**Q** 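So that we are looking at the same thing, I have put the structure below in structure tokens.
Numbering starts at 1 and runs along the sequence shown. These numbers come from a predicted model, not from an experiment.
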Amino acid sequence: MTNPLHAAHYADQAIQQTVEIVQSERLARDTFRVRFDAPEIARRIVPGQFLMLRLADVNDPLIGRPLALYDTVLSARGEPEAVDVVYLAKGKLTSRLWQMRAGQRLDVWGPLGNGFGVSGQYSVLSTQYSLPPHLSPPGIHSPPASNHLIMVAGGIGQTPFLALAQEALGLKKYGDPPRQMPRAAHITFCYGARTADYFAGVEDFQRLGIDVRLATDDGSRGHHGLVTDLLKEVLGEQRGQARIVCCGPEPMMEAVAHIAHEAKIPCEVSLETPMACGVGICFTLRRQNPRTGRRMGLQAHLRRRTRV
């Protein structure tokens, strides 16, 4: 849709339904993947978008939780029929969710959020960081042509990147109508965690044949240090025009944004934080506009398509 008052990521375009769990499995320490049947959502959702998910038929917990798309599942005919989300079992809802089994029900609402940008449409979920004016001209614009996609994840922030990598490799299409994503010649995935036990889905990324680089705070796997150390290493290798996408703890994303700023490389950061409504009306997710200094909710950021 081209009308900004009826954008695809707005609440009036989302689908609300009760779905059945197909599969639930543990991927890493306190980290799980749940799959549920939702053909219409699977057909429309794009990398970087999220769903509001809650347990069906219960009032405690009452409020849903935002969980990002990990991937869609295709039927034998190649049509999207199910959705995978990966999450960290931390609060009341997610601590109950991992104990649920196939056949039990969930309430879902989505897709929500902008999703990551593609050629002809550059957007971020929400961010308080921005590049200088010569890298971030006013108005909605296309990301510069790039042949190197660099994905930087910390903690549970790897969840939106499997679908994005598959899309950038031309292995899978997302959205209705399907998005036209320019193919990346190189994809590098920099993934940081506190310790090796928390790495989730690494094998999924390795199966794509992309460059996977790991870092841990305690040195138990990969580089002993910060994931931003890996990013600096990658940027020093000079693989042509690059584009950075980032998701994880906010201090990490701020550091990545500063690195991208200094390197004059376009960067998108995806803010995934607990919120009650999924669209920003509840004001639990508020960020400062770097240009005006005013604080605004997620809905305003989505509407204005704040850039990095």
**Q** Which heavy atom of Pro160 sits nearest a heavy atom of Gly157, and at what distance?
**A** CD-O, 3.2 Å
**Q** Among the clusters formed by ILVMFWY side chains lying less than 4.5 Å apart, do Val22 and Met100 turn up in the same one?
**A** no
**Q** Measure the spacing between OG1 of Thr228 and CD of Glu233 and express it to the nearest 0.5 Å.
**A** 11.5 Å
**Q** Can you see which heavy atom on Ser270 is nearest to which on Cys247, and at what distance?
**A** O-SG, 3.6 Å
**Q** Check whether any side-chain heavy atom of Met151 sits under 4.5 Å from a side-chain heavy atom of Ile187, and report yes or no.
**A** yes
**Q** Just verifying a value: how many Å separate Asp37 CG and Gln17 CD, rounded to the nearest 0.5 Å?
**A** 9.5 Å
**Q** Rounded to the nearest 0.5 Å, how far does CG of Leu93 lie from CZ of Arg54?
**A** 8.5 Å
**Q** So how far is it from Ile156 CD1 to Leu88 CG, rounded to the nearest 0.5 Å?
**A** 5.5 Å
**Q** Is there side-chain contact between Phe116 and Arg243, with heavy atoms separated by less than 4.5 Å?
**A** yes
**Q** Can you tell whether the side chains of Asp204 and Arg207 come within less than 4.0 Å, N to carboxylate O?
**A** yes
**Q** Do Ile210 and Thr188 pass the side-chain contact (heavy atoms from CB on, under 4.5 Å) test, and can you show the C-alpha distance, the side-chain angles, and the key distance before you say yes or no?
**A** CA-CA 6 Å; Ile210 65 176; Thr188 302; over 6 Å; no
**Q** Can you confirm whether more than 12 heavy atoms, excluding those of Arg105, are under 6.0 Å from its CZ atom?
**A** no
**Q** Test side-chain contact (heavy atoms from CB on, under 4.5 Å) on Val34 and Asp84 and set out the steps.
**A** CA-CA 6 Å; Val34 62; Asp84 283 352; over 6 Å; no
**Q** Does any part of the side chain of Val245, heavy atoms only, come nearer than 4.5 Å to the side chain of Leu164, both counted from C-beta?
**A** yes
**Q** Check this for me: does any side-chain nitrogen of one of Glu79 and Arg43 sit under 4.0 Å from a carboxylate oxygen of the other?
**A** no
**Q** Indicate if Val269 and Leu226 have the same hydrophobic cluster label, given that clusters are the connected sets of ILVMFWY residues with side-chain heavy-atom separations under 4.5 angstrom.
**A** no
**Q** Do Thr216 and Thr195 have side chains that approach each other closer than 4.5 Å (heavy atoms only, starting at C-beta)?
**A** no
**Q** Considering all heavy atoms of both residues, which atom of Ala14 and which atom of Trp109 are nearest to each other, and what is their separation?
**A** CB-NE1, 3.2 Å
**Q** Is the gap between the ring centers of Tyr70 and Phe161 under 6.0 Å?
**A** no
**Q** As an exercise, state the distance from CG of Leu97 to OG1 of Thr94, rounded to the nearest 0.5 Å.
**A** 7.0 Å
**Q** Do His186 and Asp211 have side-chain atoms, one donor and one acceptor, less than 3.5 Å apart?
**A** no
**Q** Please report the closest heavy-atom contact between Met253 and Cys246, naming both atoms and the distance.
**A** CG-SG, 3.5 Å
**Q** Do Tyr198 and Arg29 get their side chains close enough for a donor-acceptor pair, meaning under 3.5 Å?
**A** yes
**Q** What I want to find out is whether Glu25 reaches Arg35 closely enough, with some N-O distance under 4.0 Å, to be called a salt bridge.
**A** no
**Q** Of all the heavy-atom pairs spanning Ala163 and Asp71, show the shortest one and how long it is.
**A** CB-OD1, 4.4 Å
**Q** Using a strict 4.0 Å threshold on nitrogen-to-oxygen distance, state whether Arg213 and Glu237 make a salt bridge.
**A** yes
**Q** Look at the side chain of Gln241 and the backbone N and O of His148, then say whether any donor-acceptor pair between them is shorter than 3.5 Å.
**A** no
**Q** Verify side-chain contact (heavy atoms from CB on, under 4.5 Å) between Tyr87 and Thr31, making sure each step is shown before the conclusion.
**A** CA-CA 6 Å; Tyr87 62 93; Thr31 308; over 6 Å; no
**Q** How far apart are the C-alpha atoms of Asp107 and Gln16, what are their side-chain angles, what is the distance that settles it, and do they pass the side chain to side chain donor-acceptor pair (under 3.5 Å) test?
**A** CA-CA 7 Å; Asp107 289 333; Gln16 186 167 7; over 6 Å; no
**Q** Would you call Leu214 and Val212 a side-chain contact if the rule is heavy atoms closer than 4.5 Å?
**A** yes
**Q** To check you understand the geometry: which heavy-atom pair defines the closest contact between Pro178 and Gln180, and what is its length?
**A** O-NE2, 3.4 Å
**Q** Using the side-chain contact (heavy atoms from CB on, under 4.5 Å) definition, which of the options Val19, Val73, Thr18 pairs with Phe36?
**A** Val19
**Q** Applying the side-chain contact (heavy atoms from CB on, under 4.5 Å) criterion to Leu51, which one of Leu69, Ile15, Val83, Leu67 satisfies it?
**A** Val83
**Q** Quick one: does Leu112's side chain get under 4.5 Å of Met52's, heavy atoms only?
**A** yes
**Q** Side chain of Gln99, backbone of Ser95: donor and acceptor closer than 3.5 Å?
**A** yes
**Q** Does Ile45 reach the side chain of Thr72, with side-chain heavy atoms less than 4.5 Å apart?
**A** yes
**Q** Let me confirm one number: the NZ-CZ distance from Lys92 to Arg96, rounded to the nearest 0.5 Å.
**A** 5.5 Å
**Q** Carefully, step by step, assess Glu167 and Arg179 under the rule side-chain contact (heavy atoms from CB on, under 4.5 Å).
**A** CA-CA 9 Å; Glu167 189 177 41; Arg179 305 199 311 174; 2.7 Å; yes
**Q** Run through Tyr191, Phe189, Phe205 and flag the one making a ring pair (Phe, Tyr, Trp, His ring centres under 6.0 Å) with Phe199.
**A** Tyr191
**Q** Using 30° and 60° as the class limits, which term best fits the ring planes of Phe32 and Trp98: parallel, tilted or perpendicular?
**A** parallel
**Q** Determine whether Leu74 and Glu81 make a side-chain contact, defined as any pair of heavy atoms from C-beta on separated by less than 4.5 Å.
**A** no
**Q** In terms of side-chain geometry, is the basic nitrogen of Arg194 or Asp217 positioned less than 4.0 Å from the acidic oxygen of its partner?
**A** no
**Q** Would Arg44 and Gln49 count as a side chain to side chain donor-acceptor pair (under 3.5 Å) if you check the C-alpha gap in whole Å, the side-chain angles of each, and the deciding distance to 0.1 Å?
**A** CA-CA 10 Å; Arg44 291 173 51 182; Gln49 288 192 299; over 6 Å; no
